[in-house]
Number of protein chains: 2
Amino acid sequence: MAINSDLTRGVAEPIILKLLADRMMYGYEIIREVNLKSNGEFEWKEGSLYPCLHKLEAQKLIQSEWILCGSKQRKYYTITVEGMRAMEAKTEELKTFANTLAMMMA
Amino acid sequence: MAINSDLTRGVAEPIILKLLADRMMYGYEIIREVNLKSNGEFEWKEGSLYPCLHKLEAQKLIQSEWILCGSKQRKYYTITVEGMRAMEAKTEELKTFANTLAMMMA
DNA sequence: TTGACATACATAGATTGACTATGTATAATT
DNA sequence: AATTATACATAGTCAATCTATGTATGTCAA
């Protein structure tokens, strides 16, 4: 029962930043976490996530490092100070949006 | 203090259907109403609304008629039975989305 | 009365974020 | 040995919105 992707546009960035504010994660892990935590309402795919991570990194809101886990290389992302600020701003914007929308549809 | 348009994508249709469920309205009137009711958080422009109305009409969720008001022609839109059903479905989807998002950002 | 502004509809073209499909490579499982 | 899951990546497509522009009429003040 996935949500229409027109709705989810724009929420990927704040969600990623929010997750990385808790702990460092690698891309594939983020996909599983989001799909799990949303009870399947979000159905993120690699094709959506990786370009988004690259964009966030280009904006210096997150940064990456390759880490060897056992015998496997994983690209771990951490949030930057600037990213924390962006997350807070985006979270506020999301709240305003949700409240406005609730009012409009009431 | 307008909301980023990536967020508002996908909400135009349910909002329009919701408004027309109350009363018939013409395009320009819808723009003013939405911008007013949202306290300026939504800043709809003609270039966004008219194509959306045409699409909804092509889907037979709304229908239009030209009405002469004084000396001015206005294109009034009304919601169809099918449109009412679509509105209810979309409203449910919006609620699920808002709840999921609130949970993810908590 | 004329210029400025608001009303009212319309659309072509650009932008952009997400999706589809595909590719590579390794690890785990059967 | 073959299949599946993990893990990263990107080219091409799609679609909803925005920008910019156009037409026409109504209103109001200088």
Side-chain angles (χ1 to χ4, degrees), chain A residues 2-17 24-36 38 41-59 61-77 90 93-94 97, chain B residues 2-17 24-36 38 41-59 61-62 64-77 90 93-94 97 101:
Chain A
I3 295 165
N4 164 7
S5 71
D6 284 328
L7 285 179
T8 61
R9 176 178 285 234
V11 305
E13 292 189 11
I15 287 175
I16 293 168
L17 293 175
M24 71 182 338
M25 295 176 79
Y26 59 96
Y28 207 81
E29 186 184 12
I30 292 174
I31 293 171
R32 275 186 315 214
E33 180 85 352
V34 165
N35 295 345
L36 191 68
S38 71
E41 293 294 343
F42 291 169
E43 290 178 344
W44 285 14
K45 312 277 168 57
E46 288 117 307
S48 312
L49 180 72
Y50 290 119
C52 190
L53 286 173
H54 300 161
K55 187 186 158 202
L56 286 171
E57 188 167 27
Q59 294 175 272
L61 302 183
I62 63 177
Q63 58 193 17
S64 65
E65 53 186 314
W66 285 95
I67 295 183
L68 192 64
C69 303
S71 57
K72 196 150 196 149
Q73 287 280 342
R74 285 171 179 159
K75 198 174 181 180
Y76 273 87
Y77 289 92
K90 284 170 192 282
E93 195 186 22
L94 277 183
F97 172 62
Chain B
I3 296 164
N4 163 6
S5 70
D6 285 328
L7 285 179
T8 61
R9 175 181 284 234
V11 305
E13 292 190 11
I15 287 176
I16 292 168
L17 293 175
M24 72 182 339
M25 293 177 81
Y26 59 96
Y28 206 80
E29 186 184 12
I30 292 174
I31 294 171
R32 274 186 316 213
E33 181 84 352
V34 166
N35 295 346
L36 192 69
S38 71
E41 293 295 343
F42 291 169
E43 290 178 344
W44 286 13
K45 311 277 169 58
E46 288 116 307
S48 313
L49 180 71
Y50 291 119
C52 191
L53 287 173
H54 300 160
K55 186 187 159 202
L56 286 171
E57 188 168 25
Q59 293 175 273
L61 302 183
I62 62 176
S64 65
E65 54 185 314
W66 285 95
I67 295 183
L68 191 63
C69 303
S71 57
K72 196 148 195 152
Q73 287 279 343
R74 285 172 179 158
K75 198 173 180 181
Y76 273 88
Y77 288 92
K90 284 169 192 284
E93 195 188 21
L94 277 183
F97 172 62
L101 191 57

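Every chain is numbered from 1 and lettered A, B, ... according to where its sequence line falls, protein lines coming before strand lines.
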Enumerate the protein-to-nucleotides 21-25 of chain D contacts in which both atoms are nitrogen or oxygen and the separation is below 3.5 Å.
from	atom 1	to	atom 2	distance (Å)
D:dT25	O2	B:Lys72	NZ	3.3

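Checking A:Ile3, A:Leu94, A:Ile16 one by one against A:Val11, the side-chain contact (heavy atoms from CB on, under 4.5 Å) holds for a single residue, A:Leu94.
Within the structure, a side-chain polar atom (N or O) of B:Lys45 is placed less than 4.0 Å from OP1 or OP2 of D:dT19. The side chain of B:Arg32 places no N or O atom within less than 4.0 Å of a non-bridging phosphate oxygen (OP1 or OP2) of C:dA6.
To the nearest 0.5 angstrom, A:Asp6 atom CG is 9.0 Å from B:Glu93 atom CD. Taking CD from B:Glu29 and CG from B:Leu36, the interatomic distance works out to 11.5 Å, rounded to the nearest 0.5 Å. Atom NZ of A:Lys90 is separated from atom CG of B:Leu7 by 8.5 Å, given to the nearest 0.5 angstrom. Note: B:Glu46 CD to B:Ile30 CD1 = 12.5 Å, rounded to the nearest 0.5 Å.
What separates CD1 of A:Ile30 from C1' of D:dA7 is a distance of 12 Å, to the nearest Å. Between A:Phe97 atom CZ and D:dT17 atom C1' the separation is 13 Å, expressed in whole Å. In this entry the distance linking OH of A:Tyr26 with C1' of C:dA27 reads 12 Å, nearest Å. One interatomic measurement links the two molecules: CD1 of A:Ile16 to P of C:dG17, which rounds to 12 Å at whole-angstrom precision. To the nearest angstrom, P of C:dA18 lies 13 Å from CG of A:Asn4. One can place CG of B:Leu68 at 13 Å from C1' of D:dG26, the figure rounded to the nearest angstrom. Summarising the geometry, the separation between CD on B:Gln73 and C1' on C:dC9 is reported as 11 Å, rounded to the nearest angstrom. Rounded to whole Å, the distance from CD on A:Glu33 to P on D:dA7 is 13 Å.
Across all strands shown, B:Trp66 has heavy atoms under 4.0 Å from sugar-phosphate atoms exclusively, and none from any base. The residue B:Gly27 sits close only to the backbone: its heavy atoms come under 4.0 Å of sugar-phosphate atoms, none of a base.
Axis deviation across the helix from C:dT1-D:dA30 to C:dT30-D:dA1 amounts to 10°, comparing end segments of five pairs, rounded to 10 degrees.
Between B:Asn35 and B:Trp44, the shortest heavy-atom contact is OD1-N, 2.8 Å. Closest of all the heavy-atom pairs between B:Phe42 and B:Thr8 is CE2-CG2, 3.7 Å. Looking at every heavy atom in both residues, B:Ile67 comes nearest to B:Met24 through CD1-CE, 4.1 Å. Annotation for A:Gln73 and A:Leu68: closest pair NE2-CD1, 3.5 Å, computed over non-hydrogen atoms.
Residues of residues 48-55 of chain B that place a heavy atom closer than 4.0 Å to DNA chain D, in numerical order, are B:Ser48, B:Lys55. Non-hydrogen atoms lying under 4.0 Å from DNA chain D are contributed by B:Ser5, B:Arg9, B:Gly10, B:Ala12, all within residues 5-14 of chain B.
Taking the side chain of A:Arg74 as heavy atoms from C-beta on, and the options D:dC8, D:dA9, C:dA8, the nearest nucleotide is D:dC8.
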Which pairs would a plain distance check flag for residues 47-54 of chain B, meaning a side-chain donor or acceptor within less than 3.5 Å of a matching protein atom at least two apart in sequence or in another chain?
from	atom 1	to	atom 2	distance (Å)
B:His54	ND1	B:Tyr50	O	3.3

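The closest donor-acceptor contact from the side chain of A:Glu41 to the backbone of A:Ser38 lies at 3.5 Å or more, if one exists at all.
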Derivation and outcome, side-chain contact (heavy atoms from CB on, under 4.5 Å), residues A:Arg74 and A:Tyr28: CA-CA 9 Å; A:Arg74 285 171 179 159; A:Tyr28 207 81; over 6 Å; no

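Among pairs with a residue in residues 61-70 of chain A, those fulfilling side chain to side chain donor-acceptor pair (under 3.5 Å) read A:Glu57-A:Ser64, at least two apart in sequence or across chains.
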